[in-house]
Amino acid sequence: MQNMETLGSVSTLQSRRIILFPLPFQGHINPMLQLANILHTRGFKITIIHAEYNSPNPSNYPHLTFKPIKDHLSKVAHEYPTNRDGTYFVRYLNKSCVDTFTDCLAGLLAEPGEERVACVITDACFYVTQAVADDMKLPRIVLRTSSLGCNLAYEALPFYSKTGSFYLTKQVDRFEVLVPEYPLLKFKDIAKITINPQGMGDLATNMLNQMKASSGIIWNTFKELEESDLETLSRDFPVPSFTLGPFHKYFPASSSSLIEQDRTILSWLDKQPPKSVVYASFGSVAQINESEFQEVAHGLANIGLPFLWVVRPGMVVGSEWLESLPENFLERMGDRGRIVKWSPQQEVLDHPATGCFWTHNGWNSTLESICEGVPMICSPCLGDQPINARYVSDVWKIGVFLEDGFERVGIEMAIKRVMMGKEGGEMRKRISCFKEKKVASAAYLVATTRGVLGLGDLVLQPWVNLSLAEGGSSCRSLNNLVDYISSF
Ligand code: UDX
């Protein structure tokens, strides 16, 4: 998209093949396929080994080669709607895919007449692939689909010891207290990260260790957004790091959508006043219960603003779709509110009518909101989401954290703070797009995001554009990555 010219020309040096292996969930498939396209544009041939579960549609990518492997996930997938332990499926996949991945990779390496394979790039959550790559003497680069901050938090929190697990999750009377190991977080945030600290400890330890053992890490973030964390990270992870995000600014995610996007809402958005619409979406895995769902509905109804609400089928525990809406909700809302199963999110966030994003703070959603200059209301559910939410509300100060869950009065107050109050105006200034803005120094941005400076002229969005432009940090990082892979 805007950055096509900075993707550079195809060099004859790069007729090499890269093998990619995404984790089969929407928030991981999107950035991996975006990365595949970025690297293809730089002249690499791309093969994607993928699980049969949530298979991407190869016909959307005729320029890429797809190799499905058995994942055996169907054996446990029926537990998906009720199993709130996010780590369970990832740990399962690491066991169930290792043999099929190994066979497929060995087969690809043995194919005659093919371009030489430079490396394999796997999702960081597929930690078992490091040993497979080592056995085959193939460099493995990792794609980490979360923020730098999330990884530092995972590294700092003592999930992995029995005492640590207990200490992190059973401190009900200390829920408001900051966690000494990572004082950006409160104990109640930890309780949200996982319901299974032991499982989380397993996953985080394996993932982080195998990231450190890899040949490099690709991050879907940009240097200016997480500059101080990048410094810490380069100390803790002694392998090359490439921060070339935000990926969706090179390629949108729509073609990797697992659910069909409802595009009819774009014409509805066209009819709404500028910055008037509350966009609510809680991503591809988060679930809420029936009473939380009803509180969301009442909150949206009571605020009196137009709203667009994504209710993914299966998002409400025990419901197919909208059965548990309050009585006559849709009739009462009329044209003021629209509910869809899945939206073209990046276009919605980019639409002039969108005023705020009520989000679960998945990293893709958070980054997309930052890029389009839309302030957030944060309702994280699990995994990295509470950590991202803390950065949004407490570090970058571009959103309001609904800390105490879904409750209609709190919801109305949060929406008002972002959409109507002075505070919301300040958030909007911090995040909004000032295309004509003069270039500020990176030091200024870092000082401001650390809270050393006041609001002043801080805006995040110009940094997105600057980082992607020729000579910008993400552009340079991409060039470095291309050179690095070409050197294998
Ligand atoms: C989860 C984790 O929460 C996330 O932090 C991790 O990095 C990946 O897995 P998920 O729930 O899928 O993520 O959310 P998110 O990371 O925000 O990704 C969702 C993607 O789906 C985004 O790219 C978003 O644009 C897209 N989307 C979402 C749509 O296209 N339409 C929708 O209606 C909702």
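In listed order, ligands and their atoms are each counted from 1. We use all heavy atoms of the structure for the numbers below, so side chains are in, but hydrogens, waters and symmetry mates are not.
- Between Glu412 and Gly299, the shortest heavy-atom distance links the atoms CG-O, 4.0 Å.
- Under 4.0 Å from any atom of ligand 1, one finds heavy atoms of residues Gln26, Gly27, His28, Asn30, Thr145, Ser146, Gln261, Tyr279, Ser281, Gly283, Ser284, Val285, Val310, Trp342, Ser343, Gln345, His360, Gly362, Trp363, Asn364, Ser365, Glu368, Asp384, Gln385.
- Of the possible donor and acceptor atoms, none in the side chain of Asp384 sits under 3.5 Å from a partner among the backbone N and O of Ser146.
- Between Asn196 and Tyr88 there is no side-chain heavy-atom pair separated by less than 4.5 Å.
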For residues 349-357, dump all side-chain donor-acceptor pairs below 3.5 Å to protein atoms at least two apart in sequence or in another chain.
unit_1	atom_1	unit_2	atom_2	d
His351	ND1	Ala353	N	3.0
His351	NE2	Asp270	OD1	2.7
Thr354	OG1	Val348	O	2.6

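- Ring geometry for Phe329 versus Phe307: interplanar angle of 30 to 60°, hence tilted.
- Residues Ser477 and Lys223 form no side-chain contact, since every pair of their non-hydrogen atoms from C-beta on lies 4.5 Å or further apart.
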